[in-house]
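Worksheet for the structure shown next.
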2 protein chains.
Amino acid sequence: MDTTKTDRLKAAGWRTGDAADFLGLSPEEAAFVELKLALADYLRDVRVSHGWTQTHVARLLGSSQSRVAKMEAADSSVSIDLLVKALLTLGASREQVGRVIARAA
Amino acid sequence: MDTTKTDRLKAAGWRTGDAADFLGLSPEEAAFVELKLALADYLRDVRVSHGWTQTHVARLLGSSQSRVAKMEAADSSVSIDLLVKALLTLGASREQVGRVIARAA
DNA sequence: CGAATATATGTCAGATACGACATACTCGTC
DNA sequence: GACGAGTATGTCGTATCTGACATATATTCG
């Protein structure tokens, strides 16, 4: 288990509510969060590969820089809907999004 | 363009707000909605292939029959988050979800 | 170092999604 | 046609998400 990933999960404010242990996520919860992290990472890749700033992307999406930062951090206040809409708006295809989710980017 | 699909979009209460025309969705909006329909269809497939009722699935998900019906209808009140969480809870893998989204189910 | 630019974090009011309930429809079987 | 089981639709109170703003923390360059 790669420490960086665990740190990111903790940092992103995840806590599903009841299980007492340190990040005691069920397999589905873990899969969900990792799926979200994959989309967030891909969003950053898309942005950086175009040489765009978060502020520029925010304009493209009709949102704000802070929200883009949170999207890329897979913050708990960011939905998969938002990430998918953002990626599609930035020009990613449905197929690309699917591949990212399926770990087959 | 297949009539059934258009009807489903209209029925699901879609209207992105401003474009005046009959379902005048931008390409991204259309891709987003179709992606959601694909997940909804897959959810129904999973349920039916197990021989489950919506009520049973609702119990498994900690939700209600009406909400499951709306999920399967890709109603505008259901998020992709909810569909993905539901599928993962019902045993679908991240890879399967990705393939459905990528139209490669 | 100090300024400029980029990114991250905290908070909040308004918007949207959530489960729940009531109720309506559909389709078998009698 | 009447029943029952399954599915769909409408509405509502609450919870979560969203963009915006303020502000903090990098990072780069002189």
Side-chain angles (χ1 to χ4, degrees), chain A residues 4 7-18 29 32-33 36-37 39-41 43-90, chain B residues 4 7-18 28-29 32-33 35-37 39-41 43-90:
Chain A
T4 307
D7 287 348
R8 289 190 61 195
L9 295 183
K10 197 169 48 168
W14 283 101
R15 179 90 348 153
T16 17
D18 52 348
E29 290 169 333
F32 182 78
V33 174
K36 200 161 138 177
L37 282 174
L39 289 173
D41 286 347
L43 177 62
R44 170 158 290 169
D45 287 350
V46 169
R47 175 176 68 81
V48 171
S49 72
H50 285 269
W52 293 334
T53 68
Q54 291 182 344
T55 304
H56 179 67
V57 169
R59 271 199 306 274
L60 296 177
L61 301 180
S63 182
S64 56
Q65 177 270 323
S66 55
R67 212 98 248 292
V68 174
K70 283 168 197 187
M71 289 182 211
E72 293 186 355
D75 188 273
S76 57
S77 81
V78 170
S79 71
I80 290 191
D81 290 62
L82 187 64
L83 288 168
V84 169
K85 281 179 187 162
L87 285 170
L88 293 175
T89 302
L90 296 186
Chain B
T4 307
D7 287 349
R8 289 191 61 197
L9 295 183
K10 196 170 46 168
W14 283 102
R15 178 86 353 151
T16 19
D18 51 349
E28 308 91 82
E29 290 169 332
F32 181 79
V33 174
L35 186 157
K36 200 160 139 179
L37 282 174
L39 289 173
D41 286 347
L43 177 62
R44 170 158 288 169
D45 287 349
V46 168
R47 175 177 68 81
V48 170
S49 71
H50 282 88
W52 292 335
T53 68
Q54 292 182 343
T55 304
H56 179 68
V57 168
R59 273 198 305 274
L60 296 176
L61 301 180
S63 182
S64 56
Q65 177 269 324
S66 55
R67 212 96 248 291
V68 174
K70 283 168 199 191
M71 291 182 210
E72 294 185 354
D75 188 272
S76 56
S77 81
V78 327
S79 69
I80 290 192
D81 290 61
L82 187 64
L83 289 169
V84 169
K85 281 179 186 164
L87 286 169
L88 294 175
T89 301
L90 296 186

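Order of the sequence lines fixes the chain letters, A, B, ..., with proteins taken first and strands second; residue numbering starts at 1 for each chain.
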*Rounded interatomic separation in angstrom, taking CD from B:E72 and C1' from D:dT7*: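 Interatomic distance, CD of B:E72 to C1' of D:dT7: 9 Å.
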*Sequence neighbours excluded, which residues qualify as side-chain hydrogen bond (donor to acceptor under 3.5 Å, both in side chains) partners of A:Q65?*
A:Q54
*List in chain and number order the residues that pass side-chain hydrogen bond (donor to acceptor under 3.5 Å, both in side chains) with B:S64, two or more places apart in sequence or in another chain; answer none if no residue qualifies.*
B:S66
Just the atom pairs and distances: protein N or O near nucleotides 25-30 of chain D's N or O, under 3.5 Å.
none

*asked:* Per the salt bridge (Lys or Arg N to Asp or Glu O under 4.0 Å) rule, what does the pair list look like for residues 45-54 of chain A, sequence neighbours excluded?
replied: A:R47-A:E72
*asked:* What's the angle between the local helix axes at either end of the helix from C:dC1-D:dG30 to C:dC30-D:dG1, using five pairs per end and rounding to 10 degrees?
replied: 40°
*Enumerate the residues from residues 44-52 of chain B whose closest heavy atom to DNA chain C is under 4.0 Å, giving them by residue number; use none for an empty result.*
none
*State which residues pass salt bridge (Lys or Arg N to Asp or Glu O under 4.0 Å) with B:D41; sequence neighbours excluded, sorted by chain then number.*
B:R8
*Only counting residues at least two apart or in another chain, list the ones meeting salt bridge (Lys or Arg N to Asp or Glu O under 4.0 Å) with B:R67.*
none
*Are the side chains of B:L82 and B:L61 in touch, meaning some heavy atoms are under 4.5 Å apart?*
no
*Less than 4.5 Å apart, any side-chain heavy atom of B:V46 and any of B:V57?*
no
*Provide the full list of ring-ring contact (aromatic ring centres under 6.0 Å, His included) pairs with a residue in residues 54-89 of chain A, sequence neighbours left out, each pair given once.*
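Of all non-adjacent pairs touching residues 54-89 of chain A, those that pass ring-ring contact (aromatic ring centres under 6.0 Å, His included) are A:W52-A:H56.
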_With ring-ring contact (aromatic ring centres under 6.0 Å, His included) as the rule and sequence neighbours excluded, what pairs involving residues 60-79 of chain A come up?_
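Passing the test, one end in residues 60-79 of chain A: no pairs.
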*Classify every nucleotide of nucleotides 10-25 of chain C by which part a protein heavy atom approaches to under 4.0 Å, writing B for the base, S for the sugar-phosphate alone and - for neither, in 5'-to-3' order.*
BB-----SBBBBB---
*Are the side chain of A:K36 and the backbone of A:V78 linked by a donor-acceptor contact shorter than 3.5 Å?*
yes
*What heavy-atom pair brings B:L43 and B:L87 nearest, and what distance separates the two atoms?*
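In terms of heavy atoms, the two residues are closest at CA-CD2, 3.7 Å.
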*Partners passing side chain to side chain contact (heavy atoms under 4.5 Å, CB included) against B:A40 (at least two apart in sequence or in another chain)*: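 Only B:A74 meet the side chain to side chain contact (heavy atoms under 4.5 Å, CB included) criterion with B:A40.
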